[in-house]
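Values in this document were obtained by computation on a predicted structure and should not be read as measured data.
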Amino acid sequence: MNVSKSGYRVFSSNSTAACIELAKKITERLGVELGKSVVYQESSGETRVDVKESVRGQDIFIIQTIPRDVNTAIMELLVMAYALKTSCAKNIIGVIPYFPYSKQCKMRKRGSIVCKLLASMLAKAGLTHIITMDLHQKEIQGFFSCPVDNLRASPFLIQYIQEEIPDYRNAVIVAKSPSAAKRAQSYAERLRLGLAVIHGEAHRSEADMADGRHSPPPLRTTTGHTGLELPLMMAKEKPPITVVGDVGGRIAIIVDDIVDSVEDFVAAAELLKERGAYKIYIMATHGLLSAEAPMRIEESAIDEVVVTNTVPHELQKLQCPKIKTVDVSMILAEAIRRIHNGESMAYLFRNIAVDD
């Protein structure tokens, strides 16, 4: 029986090279071996997990990065957590640097809050604690019935700005929308830089607008009581896109939590170039970089996109040399060590305010 003397094991719940690479970086920092397990898809498409060593009475940490196939990655995590639960693991902690479905955390018409559903599924499968990083909305922590440590990548990205961007003192931090202003303000105050906010939306051509937009609604005949006549809520109308703040002759650094489809970032970069910015950087925690994002970045006015290794993006880096990676395995390893030893996590959140 191969039992770690330290009383905990670290497993990778994904067979992809990127997940195993992050798991190995974490275990090297911790000075332990990566747990032995096999995760694979059967010919029928079902997920199968085989844990190759005893986990009885130990703290188990499952590292799961989210590759392109999000739903398969979720099933891998659920099946492995349940396998460890039925193998009598003491505690099962999920290390999920990028929490999937985090954008679906609000009710929209007849939709559903999928993020809440996923949180319930993970708890039901056996997870007793979650370590994640830069949730899309911090209120997501309230969806869980177990403790959640929402780590921050900003110290690593700020360090990159200070060490890798020449003349960063001549930069201005940019929020690509008013909703991202708090995050941008946090960066600006820590770097002692100015702040700019992009507001409004680009003008859409006639071809981009839906047919029938000026048609009157069909008349509806009603019988009986028509109900109360409530005040009509006026529709929102965004002003033409503009930059609030001075970016002329400056380096523009756009900060956000997720870079997925990059149309908004490309449009923002073009606007900043028109306003006089001579270099444009994008800083984000999670580089999903879906579909044609690498090609669009390569052809755009963006000079560099800096993301962390919470999400695998090696293929995208081969397609676009502008994409750079910052390693955050250090803080994930320290979180694992502190949770296992029962130490306070406050050190990892020092100088972080509620709004950060």
Side-chain angles (χ1 to χ4, degrees), residues 4 6-37 39 59-68 73 76-77 80-81 91-100 102 127 129-135 147-164 257-259 283-289 305-318 323-341 343-352 356:
S4 172
S6 56
Y8 72 97
R9 303 294 289 161
V10 179
F11 287 89
S12 170
S13 72
N14 193 303
S15 55
T16 61
C19 185
I20 293 174
E21 181 185 356
L22 178 60
K24 284 184 175 178
K25 284 182 178 179
I26 291 172
T27 53
E28 285 173 4
R29 292 183 182 277
L30 291 169
V32 299
E33 292 183 1
L34 186 63
K36 296 178 176 61
S37 64
V39 182
D59 292 337
I60 306 299
F61 295 84
I62 310 174
I63 298 171
Q64 176 65 307
T65 58
I66 305 299
R68 292 282 186 173
E76 290 172 344
L77 181 59
M80 175 164 271
N91 294 301
I92 305 169
I93 300 95
V95 183
I96 315 169
Y98 168 66
F99 195 79
S102 60
L127 290 182
H129 200 132
I130 300 288
I131 301 172
T132 187
M133 182 167 282
D134 282 335
L135 288 168
V148 177
D149 286 307
N150 182 29
L151 304 176
R152 305 295 196 273
S154 52
F156 297 90
L157 296 174
I158 288 173
Q159 184 181 32
Y160 184 94
I161 292 171
Q162 293 173 324
E163 295 179 357
E164 302 295 333
D257 62 329
I258 299 173
V259 179
M283 298 279 167
T285 304
H286 310 296
L288 304 186
L289 301 167
V305 176
V306 182
V307 293
T308 71
N309 56 345
T310 56
V311 178
H313 55 265
E314 293 306 313
L315 180 60
Q316 291 89 327
K317 287 178 70 175
L318 294 175
I323 300 171
K324 308 296 181 185
T325 307
V326 174
D327 180 26
V328 292
S329 63
M330 180 189 301
I331 193 170
L332 295 172
E334 181 62 14
I336 289 172
R337 189 192 68 79
R338 286 176 174 270
I339 288 173
H340 172 65
N341 292 334
E343 298 178 21
S344 171
M345 297 287 283
Y347 177 77
L348 303 182
F349 295 97
R350 63 195 187 283
N351 298 326
I352 293 177
D356 286 344

- Item | pair Ile339-Asp149: side-chain heavy atoms closer than 4.5 Å | yes
- Enter the distance from Asp134:CG to Asp257:CG here, rounded to the nearest 0.5 Å. 7.0 Å
- Looking only at heavy atoms, which two atoms of Ile352 and Leu348 are closest? And how far apart? CD1-O, 4.0 Å
- Result for side chain to side chain contact (heavy atoms under 4.5 Å, CB included) between Ile62 and one of Val95, Leu77, Ile96 points to Leu77
- Does any non-hydrogen side-chain atom of Val328 lie less than 4.5 Å from one of Pro97? no
- Message: Please give me the minimum heavy-atom distance between Thr65 and Cys19, naming the atom from each residue.
- Response: OG1-CB, 3.2 Å
- Query: Donor-acceptor pair, Ser13 side chain versus Glu76 backbone, under 3.5 Å?
  - Reply: no
- Task: To the nearest 0.5 angstrom, please state how far the CG atom of Leu288 sits from the CD1 atom of Ile66.
- Result: 10.0 Å
- Note on the structure: Looking only at heavy atoms, the pair that brings Thr132 and Val148 closest together is CG2-CG1, 4.1 Å
- Message: Quick check for you: to the nearest 0.5 Å, what is the distance between Asp327 atom CG and Leu22 atom CG?
- Response: 7.5 Å
- Are the side chains of Glu334 and Met330 in touch, meaning some heavy atoms are under 4.5 Å apart? no
- Message: Just so I know, are the side chains of Phe61 and Ile92 near enough to count as touching, which here means a heavy-atom distance under 4.5 Å?
- Response: no
- Item | Closest non-hydrogen atom pair between Gly35 and Arg9, with its separation | CA-NH2, 3.9 Å
- Item | Verdict with supporting geometry, Asn91 and His340, side chain to side chain donor-acceptor pair (under 3.5 Å) | CA-CA 9 Å; Asn91 294 301; His340 172 65; over 6 Å; no
- Would a 4.5 Å heavy-atom cut-off, applied to side chains only, mark Met133 and Ile331 as touching? yes
- Message: Rounded to the nearest 0.5 Å, what separates atom CG in Leu315 from atom NE2 in His313?
- Response: 11.0 Å
- Message: Has Arg29 got a side-chain atom pairing as donor or acceptor with Ile26's backbone, closer than 3.5 angstrom?
- Response: no
- Has Lys317 got more than 12 heavy atoms of other residues, nucleotides or ligands less than 6.0 Å from its NZ? yes
- Message: Run the side chain to side chain contact (heavy atoms under 4.5 Å, CB included) test on Val32 and Tyr8 for me, step by step, so that the C-alpha distance in whole Å, both residues' side-chain angles and the decisive distance to 0.1 Å come before the verdict.
- Response: CA-CA 9 Å; Val32 299; Tyr8 72 97; 3.7 Å; yes
- Nearest heavy-atom approach of Thr308 to Ala153 is CG2-CB, 4.0 Å
- Expected output: side-chain Arg338 to main-chain Ile336 donor-acceptor under 3.5 Å: no
- Out of curiosity, Ser102 OG to Ile258 CD1, how far, rounded to the nearest 0.5 Å? 4.5 Å
- Query: So, do Lys36 and Leu34 sit near enough that their side-chain heavy atoms are less than 4.5 Å apart?
  - Reply: no
- Task: Any chance you could measure Lys24, atom NZ, to Ser12, atom OG, to the nearest 0.5 Å?
- Result: 9.5 Å
- Message: Please evaluate residues Lys25 and Glu21 with respect to the criterion salt bridge (Lys or Arg N to Asp or Glu O under 4.0 Å), reporting the C-alpha separation (whole Å), side-chain torsions for both, the decisive distance (0.1 Å), and the verdict.
- Response: CA-CA 6 Å; Lys25 284 182 178 179; Glu21 181 185 356; 3.8 Å; yes
- Task: Provide the closest heavy-atom pair for Met345 versus Ala335 in the form atom of the first, atom of the second, distance.
- Result: CE-CB, 3.8 Å
